[in-house]
Amino acid sequence: MHERVESIITKAVTDIIRKEFEEEARPGSVVLQKTREEFEGDFTLVVFPFVKLSKKSPEQTAEIIGKKLLENIEVVKSYNVIKGFLNISLYTQYWLDFLSAAISDDGYGFSEECEAKPVVVEFSSPNTNKPLHLGHIRNNLLGYSIAKILEASGKKVYKVNLVNDRGIHICKSMVAWKLFGNGITPEKSGKKGDKLVGDYYVKFENELKEQANKLMIEKFMSEEDARKVSPLMQQAQTMLVKWENKDADTLAIWSLMNGWVYEGFDETYKRLGVSFDKIYKESETYLHGKSIVEEGVEKGVFYKKDDGSIWVDLQDEGLDEKLLLRADGTSVYITQDIGTADIRYKEAQPAEMIYVVGNEQNYHFNVLKKVLKKLNKPYADNIFHLSYGMVELPQGKMKSREGTVVDADDLMDEMHKTAKEITEILGKTSDFSDDEKEKLYETIGLGALKYFILKVDPKKNMMFNPVESIDFNGNTGPFIQYTHARICSILRKAGENRLRSIFLRIAPDKANEKEIKLLKLIYSFPAVLKEAAEEYSPALIANYVYELCKDFNQFYHDYSVLNETDIAISDFRLLLSKLTAQTVKNSMSLLGIEVPERM
RNA sequence: GGUUCCGUAGCUCAGCUGGAUAGAGCAACAGCCUUCUAAGCUGUGGGUCCCAGGUUCGAAUCCUGGCGGAAUCACCA
């Protein structure tokens, strides 16, 4: 692919300023933007930043730069100046050449892998005591999409999952299952493993509440104290110590129950369409974390309190003192994160370690980075917390106590069902086989869900209203999928033979405005991808592909591809449609969304 | 209380590395299917970009201070 015209123009402008005004433009001050619809032109240069250098009026400055660009750059056809804005037009042939070049490239917009050092993207990170819910869905979709985006922009990416498979919360469901489960299993109960274990976690919390209430009334204790001394909590704590001491019975129950959960998770992940290159388990990394913490004590960067607990003092960094290891020697959350980071770095020597974790843990990652820095770890600065916003429901945050948690599996079922209903009403799939229908409903339902979540800026909290949030019209996944299916329909009707033998021979003045607009938008895809990778934002891709589809649908409405009698124009439109479909498909693949060929 | 993030149309969101008259979708209303898929297209109405200052040729965008909301400041993860 030839050099992007924007960078050619940008460089030329810098040269012109140097030659004509004998001044150096500040780096980054020469910025080309798309010309707004209302004006004539392809790119616009804002010249206000250069009037101090030129010592001329904005109009004169723009004139001088425009004139020189026209003289020096072959593909520049004309320019016009409005106030301080220099609008530059290229020859239509430039866009047609671009179409010829891009059409043969199935992976249009994607870069070849070119960077030596990999990037590790951690996402999902579930606990093995509860099933996945809507919050995890946002996490998984973001993580997977960002991995795809980074890959498409030339990075080697390792997708990793860190499963939180140990700790007091895990012991809670184990205790409850042992006490109240009567040896029930997923097979016997007919439940998914993660759901079954989740039930016993809830059971524990309910029973604990009852015990605590009783203690509060009988012994006038505070709720906090009552929970702490209740028999159930004591059992959970004992179990944790046993677990860390590798008690055989405890480990047996633990691996049994975790095994059930993994089976359940695998099902959910598979359906969501996410996957990992490696799964880390906290149970396998926390010991390494412990040893690093002890190493820190020896080095004198951490300190031991009288009770034996280990702390780090981050007060000089504007933070607090932070516990790293409990007095009984058991580890806390951050202990394993220290270990995991170290293991990960040693294994892959990554240039960057990205953690896709909710913004509720901003403080935690701040601490983690500072702790690693105190330890002089080389990767302390390579850690990037991709902090995303919470998913809120109309009634506020999801709360398991109030039963407002939106279960991931249930939600996907719901989406499938809605897709089915709408598709049946529209009645375009009568000749589909049952398998094809089911596949289609799943594609559309999940497409709607994924797009809905990914189109929002990751950093922002988002609202999810289960009854009305997911639409199938307008700025939605199905709209984009539909556009793709529409194009495929044209390509099918054109036929393999014609598509194979086609070539671009349209005269530049025969291409209309909508077509060129579409072509320009497709041209900007690589730039959008680059920005999405830099910003870690699938939302940019989502908004881009929506705009692309909207423009295509306008074109589709106004002009006919196959009924056009001028064969050169028809061929051009066919190629344009094909490239649009390719770009839509590629964009959607970055979001982990499939696009059907018929719907 | 400290820290961080957020506040744009009735609702959900774009736009935010300062640039021309602030955009979409949904919802409401009015149109468009003998022609490539109407999950589409076109139009109408809808805004003190939370408020007040400041910087600038130019501010939704940057700075300061308010107001409102969220998260966090655990020997939970």
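Below, chains carry the letters A, B, ... as their sequence lines are ordered, and counting in each starts from 1. Basis for what follows: all heavy atoms, side chains included, without hydrogens, waters or symmetry-related copies.
- At a threshold of 4.0 angstrom between heavy atoms, the contacts of Lys550(A) are confined to the sugar-phosphate backbone, with no base atom among them.
- Using C1' as the reference atom, C57(B) and C51(B) are 26 Å apart when rounded to the nearest Å.
- Neither OP1 nor OP2 of U4(B) sits under 4.0 Å from any side-chain N or O of Lys459(A).
- Remark: the separation of the P atoms in C62(B) and A70(B) is 23 Å, to the nearest Å.
- Using a 4.0 Å heavy-atom criterion, one finds that Met462(A) contacts the sugar-phosphate atoms exclusively.
- Base engagement by Glu597(A) is indicated by at least one non-hydrogen atom pair under 4.0 Å involving a base atom.
- Rounded to whole Å, atom P of A14(B) lies 10 Å from atom CG of Leu540(A).
- Using a 3.5 Å distance cut-off with no hydrogens or angles, the side chains of Thr285(A) and Arg166(A) do not pair a donor with an acceptor.
- Side-chain contact of Thr423(A) with Thr429(A): a donor-acceptor pair under 3.5 Å is absent, judged by distance alone.
- At the heavy-atom level, Tyr363(A) lies under 4.0 Å from the strands shown only through sugar-phosphate atoms.
- Regarding Ile422(A), its CD1 atom lies at a distance of 14 Å from the C1' atom of C26(B), rounded to whole Å.
- Among the heavy atoms of the strands lying under 4.0 Å from Pro49(A) is at least one base atom, whether or not backbone atoms are also near.
- The side chain of Asn362(A) has U4(B) as its nearest neighbour among C13(B), G25(B), U4(B).
- No contact: Glu547(A) has no heavy atom under 4.0 Å from any strand.
- Base pairing of U48(B) is not made with any nucleotide, judged by Watson-Crick or G-U wobble geometry with both donor-acceptor distances under 3.5 Å.
- Note on Tyr559(A): a base of the nucleic acid sits closer than 4.0 angstrom, heavy atoms only.
- Pairing for C13(B) goes to G23(B), judged as Watson-Crick or G-U wobble with the two contacts each under 3.5 Å.
- Both geometric conditions, a ring-centre gap below 5.5 Å and a plane tilt below 30°, are fulfilled for Phe39(A) over the base of A20(B).
- Using a 4.0 Å heavy-atom cutoff across all strands shown, Thr44(A) reaches at least one base atom of the nucleic acid.
- Across the strands present, C62(B) finds its partner in G54(B); the criterion is a Watson-Crick or G-U wobble pair with both atom distances under 3.5 angstrom.
- Figure legend: Arg138(A) and Tyr388(A) shown without cation-pi pairing, the cationic atom not lying both under 6.0 angstrom from the six-membered ring centre and within 45 degrees of its axis.
- Using a 4.0 Å heavy-atom distance criterion, Tyr546(A) is classed as a sugar-phosphate-only contact.
- Asp337(A) comes within 4.0 angstrom of nothing in the nucleic acid, heavy atoms only.
- For the pair Phe555(A) CZ and U42(B) C1', the computed distance is 18 Å after rounding to whole Å.
- Atom name C1', nucleotides A9(B) and A24(B): the rounded distance is 11 Å, in whole Å.
- The residue among Pro478(A) and Pro458(A) whose nearest nucleotide of RNA chain B lies closer to the 5′ end is Pro458(A).
- Ring planes of Trp254(A) and Trp243(A): perpendicular class, angle over 60° (limits at 30 and 60°).
- At the heavy-atom level, Phe472(A) lies under 4.0 Å from base atoms of the strands shown.
- G23(B) and U8(B) have their C1' atoms separated by 10 Å, given to the nearest Å.
- Using a 4.0 Å heavy-atom cutoff across all strands shown, Ser577(A) reaches no nucleic acid atom at all.
- The P atoms of U64(B) and A22(B) are separated by 27 Å, rounded to the nearest whole Å.
- For A27(B), the base has no donor-acceptor partner in the side chain of Asn473(A) [N/O atoms by modelled type, under 3.5 angstrom].
- When the P atom is used for both G7(B) and G46(B), the distance is 25 Å, rounded to whole Å.
- Remark: Lys460(A) is not in phosphate contact with A70(B), judged by side-chain N or O atoms under 4.0 Å from OP1 or OP2.
- Aromatic stacking is marked for Phe85(A) over A20(B), as both cut-offs hold: 5.5 Å for the centres and 30° for the planes.
- The residues Lys517(A) and Asp551(A) are annotated as salt-bridged, a charged nitrogen and a carboxylate oxygen being separated by less than 4.0 angstrom.
- Counting to the nearest Å, the P atom of A74(B) and the CD atom of Glu321(A) are 11 Å from each other.
- In this structure, Val456(A) reaches the sugar-phosphate backbone alone: every heavy-atom distance under 4.0 Å involves primed, P, OP1 or OP2 atoms, never a base.
- Atoms CZ (Arg326(A)) and C1' (A74(B)) sit 10 Å apart, rounded to a whole Å.
- Between the side chain of Asp307(A) and the base of C75(B) there is at least one donor-acceptor pair of N/O atoms closer than 3.5 Å.
- Comparing the P positions of C26(B) and G43(B) gives an interatomic distance of 14 Å, to the nearest angstrom.
- Separation of the C1' atoms belonging to G45(B) and A30(B) is 11 Å when rounded to the nearest angstrom.
- As judged by a 4.0 angstrom heavy-atom cut-off over every strand, Ile444(A) is placed among the base-contacting residues.
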